[in-house]
Amino acid sequence: MKYISTRGDAPSLDFEGVLLAGLADDGGLYVPESWPSLSNNDFRALRGLDYAETAFRVTRPFIGNSISDDDYRQIINESYASFNHSAVTPLVQLGPDFWSLELFHGPTLAFKDVALQLLGHLFEHVLAKRGERIAIVGATSGDTGSAAIEACRDRNNVAICILHPKGRTSEAQRRQMTTVDAANVRNIAIEGDFDSCQDIVKELFADKAFRDSVNLSAVNSINWARVMAQIVYYVYAAVRLGAPDREVAFAIPTGNFGNVFAAYAARRMGLPIRRLVIGSNANDILTRFFEADDMSIRTVQPTLSPSMDIQVSSNFERLLFELYGRDGQAVAASMKEFRAEGKLIVGQKRLAAARTDFSAARFSDTETLAYINEMRARSGYIMDPHTAIGALAGRAFHEDGVAMIVAATAHPAKFSEAIQKATGNSPEIPARLAQVFKKEERFKVLPNDAQMVKAEVHQLVETLR
Ligand SMILES: *Cc1c(COP(=O)(O)O)cnc(C)c1O
């Protein structure tokens, strides 16, 4: 399997190459040169298989010759052993033909664990084979940092250093990062805001000498391997509800477009998906696009679903590549215009094509809270605010006789204030989250200074030699 850049001007790479590269040299994102496909009989053969074996069969075509079958099976088994549900991503019925696909049974109780746990093990394997080490550096305002730390802790040949803005994350979010006791993990609280943290990370990546000296890398959501890992649960859930002999639809609370793009990939591989429904909060750039070809950047508004508070969905470029008939030059031109003008228009023909696959709807915080309480009253099920937005969108586009499956992206206990506000009661705190309030925290406070962060990363890397 070869991967090509969405901007058409970077060398094509194999799976190992895209795993380590993340972003392509031309600023584009890597996508498979062609979509592998599974036949209806291939899908039927997945019935009754566990998550790990499903993951192996669904993602094997993307790996090519990079990893042997035995090694890859072992990597998958180890990755999902950290989930505390034997179905890994269980389905829960919420109503007639209405389902919750719970993606939050991993170490940090949010769906990013599903992809990042696999990524950590893939890195370890590939680096050992190449005799290399990497240092992962990232900035976080909350959830991604903890999922990345849990994915990389105790992995050989990987060091991870995560910056968070001092005093500006919730206590639970901070503790999920800072209570991890592993020699290869370093948490730094920067005296500044999230943008200061991001600027430091950018400065580190811009310094070629530093970058090469520690073999700097990132685990951001544009990495193809993350999208690949997310394809699995769409197949797993659809097969359990009768695919390929029955169509299903998915509703997905969307921010960076990574999760919903994985569902699109499943459809391209042959899974009969009737519709992909996107839920947006007040930051509704995607909904404006699918409704009216209006992808224009506005300022970010804080909402009760903070993991979707973004203006530009980085993975959208992968869909754009398909809408432009896989013409990298056209995508590059269009992205250049988007950056310059803050606005992207694809035209009626391409929009119509996009709308055969996708629908989108936006919901306010008030609607989200009301729905959380309504769902609790109707089915006794507590949803986090992100999931509630997905479910609201799913309800809006629910067709008779087609099972609607909502991607439940975070455990409600991660957003207990919103749940309290919606229902009058705090959700039950699972043991995994309760634990972090008992453990000792480890982090270093540094001023807003890239040089000092570089020194810290150097030191971390040295201790692992
Ligand atoms: C990251 C995240 C999302 C958005 O997923 P994308 O792949 O960025 O679209 C939704 N909900 C939760 C809880 C998240 O952490």
Glu150 and Thr108: side chain donor to acceptor below 3.5 Å
no
Indicate whether any N or O donor in one side chain lies under 3.5 Å from an N or O acceptor in the other, for Asp70 and Ser68.
no
Donor-acceptor check, side chain of Asn187 to backbone of Met177, threshold 3.5 angstrom: yes or no?
yes
Under 6.0 Å from the NZ atom of Lys343, do we count more than 12 heavy atoms belonging to anything else shown?
yes
Verify the neighbour count for atom NZ of Lys336: are there more than 12 heavy atoms of other residues, nucleotides or ligands below 6.0 Å?
no
At what distance, to the nearest 0.5 angstrom, does NZ of Lys414 lie from CG of Leu109?
6.0 Å
Aromatic ring centroids of Tyr51 and Phe83 under 6.0 Å?
no
Result of checking Val58, Leu276, Asn259, Ile405 against Tyr234 for side chain to side chain contact (heavy atoms under 4.5 Å, CB included)
Asn259
Taking His386 for its side chain and Ser307 for its backbone only, find out whether a donor-acceptor pair lies under 3.5 Å.
yes
Are the side chains of Leu116 and Arg226 in contact, using a 4.5 Å heavy-atom criterion?
yes
Only residue of Phe15, Tyr30, Phe62 satisfying ring-ring contact (aromatic ring centres under 6.0 Å, His included) with Trp224 is Phe62
Distance alone, cut at 3.5 Å: any donor-acceptor contact between the side chains of Asn281 and Asp365?
no
Do His125 and Tyr72 have their ring centres less than 6.0 Å from each other?
no
Distance alone, cut at 3.5 Å: any donor-acceptor contact between the side chains of Ser196 and Asp199?
no
Return yes when atom CD of Glu428 has more than 12 non-hydrogen atoms of other residues, nucleotides or ligands closer than 6.0 Å, and no otherwise.
no
Would you indicate whether the side-chain heavy atoms of Phe123 and Ile136 approach each other to under 4.5 Å?
yes
Looking only at the side chains, is there a donor atom on one of Arg318 and Asn315 sitting less than 3.5 Å from an acceptor on the other?
yes
Is the distance between the ring centroids of Tyr233 and Tyr236 less than 6.0 Å?
no
